[in-house]
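To start, the structure itself, in structure tokens.
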There are 2 protein chains.
Amino acid sequence: MQLQAKYVVLGLLYKRSMSGYDMKKQFEKYFTYFFDASYGSVYPTLTKLEQDNCIVKHTIIQEDKPNKHEYEITSTGRELFEEYLNSPVLDDSIRADLCVRLFFGEFASKETVLKWMNERIKKNETIVAELQEEYERIKSEMSVTQEITIQIGIDYHRAQADTLRKGLKLLDQDSST
Amino acid sequence: MQLQAKYVVLGLLYKRSMSGYDMKKQFEKYFTYFFDASYGSVYPTLTKLEQDNCIVKHTIIQEDKPNKHEYEITSTGRELFEEYLNSPVLDDSIRADLCVRLFFGEFASKETVLKWMNERIKKNETIVAELQEEYERIKSEMSVTQEITIQIGIDYHRAQADTLRKGLKLLDQDSST
DNA sequence: GCTTACATGTAAAATGTTACATGATTGG
DNA sequence: CCAATCATGTAACATTTTACATGTAAGC
């Protein structure tokens, strides 16, 4: 079984009402390294949860901007989310293209492999810096477990970059023999 | 775009022919932390690659055991895999239930949160030990980039456990104030 | 004048998981 | 005798991505 988008949606609405557009924003900002869902996934999920009476829609008329559909969680929705919180934690499901490529690295040229690794190291450094900045900026408004969440993200990207740097040295030794 | 199973299948066949069953075995053993595919995904992928002339099937008649379908990569298949190796590396796609739960941790009881974290720490310690054992056992037969792959897995699980242990301390301080 | 942000949604296609179906042999 | 390993495959269902469709307003 895999983590379903509907639980993430319900989790967000547990604290405050928001629109599908707002949710996607949240995913991009705070969920980057552990969850993502496209609009084509968010909107149908909202429609389905509404049909199941887990959420109710409120249309907010806005001038200058398109109207907004704000969803509010119902008691049924709260129950469903609480059931989720009491269900067993699922394993992380990861699809890491870089690791797949490295596994087959012997079939690629050395330059290609080095490029993959160097680009990833650089990318991860950027992400670590961004997450750290974000963390400093909002930690006062975050719960302790949310802080841990961000920390897991930071350490994940940092650990991967470290391993890749060590890997570069290994490759260097390998080619010099 | 997401990493497609067909490229992983082609990658395995690039070195030697094997069956769908063998592939699943490989995924479980060496790809655990960065890729997985069920039989219901592997077999249809093989059927489709065969239709596209990327692989050819050889039926091996076995006594005592069910017959085996060994697939061999064709030149078309090799080209497709080489194209993949030269395409841009995709970002990791992660769905981490634990992080989602921690993000919403304030809605769960403290015991529940502690249970989530302690269980994950224990699980990761087991995985690290297994990967390390496996690494020692087969590193002589592995390419350098494959070693890096295993190392990324080890460090990923270790870093997450470390962060969670630090998180437990944070939670402790938090409750004592 | 172009892009970005705001905002929602659908349809087609791909992709995937789970459960089912089958059936022999080996090891505890 | 029961579970696991060997081995393949399908069907139903769930889920998701991508592309399309629409339209305003602000900022550069």
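This structure is a prediction, so every number in the text was calculated from the model and none was measured. Worth knowing before you read on, the calculation uses all heavy atoms, side chains too, and leaves out hydrogens, waters and symmetry mates. Lettering of chains follows the sequences in order, A, B, ..., and the numbering in each one begins at 1.
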- [ ] Go through the structure and list residues passing salt bridge (Lys or Arg N to Asp or Glu O under 4.0 Å) with K122(A), not counting sequence neighbours.
- [x] none
Task: Span of DNA chain D, from the first to the last nucleotide whose atoms fall under 4.0 Å of chain B heavy atoms - done: dT5(D) to dT18(D)
TODO: Of all the heavy-atom pairs spanning I152(B) and C99(A), show the shortest one and how long it is.
DONE: CG2-SG, 3.9 Å
Open item on the list: For residues 128-147 of chain B, which residue pairs pass the ring-ring contact (aromatic ring centres under 6.0 Å, His included) check, not counting sequence neighbours?
Closed with: none
Task: Q51(B) CD - dA14(C) P separation (whole Å) - done: 13 Å
TODO: Using a 4.0 Å heavy-atom cut-off across all strands, classify K25(B) as base, sugar-phosphate, or nothing.
DONE: sugar-phosphate
- [ ] Pull out every residue in residues 30-47 of chain B that has a heavy atom closer than 4.0 Å to any atom of DNA chain D, ordered by number, or say none.
- [x] G40(B), Y43(B)
Task: Interatomic spacing from CG in L102(A) to CG in D97(A) - rounded to 0.5 Å - done: 9.5 Å
Task: Contacts of type salt bridge (Lys or Arg N to Asp or Glu O under 4.0 Å), residue K24(B), not counting sequence neighbours - done: E28(B), D36(B)
Task: side chain to side chain donor-acceptor pair (under 3.5 Å) evaluation trace for S87(B) with R101(A) - done: CA-CA 11 Å; S87(B) 69; R101(A) 281 166 198 257; 3.1 Å; yes
Open item on the list: Checking one residue: Y156(B). Which other hydrophobic residues are in its cluster under the side-chain 4.5 Å linking rule?
Closed with: I94(A), Y156(A), I94(B)
TODO: Scan K24(B) against the nucleic acid and name what it touches under 4.0 Å (heavy atoms): base, sugar-phosphate only, or nothing.
DONE: nothing
TODO: For residues 63-87 of chain B, pull every pair meeting ring-ring contact (aromatic ring centres under 6.0 Å, His included), keeping only residues two or more places apart or in separate chains.
DONE: F104(A)-F81(B), Y7(B)-Y84(B), Y14(B)-F81(B), F81(B)-Y84(B)
Task: Contacts of type salt bridge (Lys or Arg N to Asp or Glu O under 4.0 Å), residue E106(B), not counting sequence neighbours - done: K15(A)
Task: Residues within residues 76-101 of chain A bordering DNA chain D, heavy-atom distance below 4.0 Å - done: none
Task: Rounded distance in Å - OH (Y7(B)) to P (dG16(C)) - done: 12 Å
Task: salt bridge (Lys or Arg N to Asp or Glu O under 4.0 Å) partners of E125(B), counting only residues at least two apart - done: R165(B)
TODO: Scan residues 39-53 of chain A for pairs that pass side chain to side chain donor-acceptor pair (under 3.5 Å), counting only residues two or more places apart or in two chains.
DONE: K48(A)-D52(A)
- [ ] Give the minimum heavy-atom separation between V144(A) and L171(B), together with the two atoms involved.
- [x] CG1-CD2, 3.8 Å
Anything under 3.5 Å between a protein N or O and an N or O of nucleotides 26-28 of chain C, put it in a table, one pair a line.
none

Open item on the list: Within the 4.0 Å heavy-atom criterion, would you say Q62(A) contacts the bases, only the backbone, or no part of the nucleic acid?
Closed with: sugar-phosphate
Task: Salt-bridge present (D92(A), R120(B); N to O < 4.0 Å) - done: yes
TODO: May I ask you to say what K6(A) touches in the nucleic acid, namely base, sugar-phosphate or nothing, with a heavy-atom cut-off under 4.0 Å?
DONE: nothing
TODO: Would you kindly compare A5(B) and G20(A) by the position of their nearest DNA chain C nucleotide and give the one closer to the 5′ end?
DONE: G20(A)
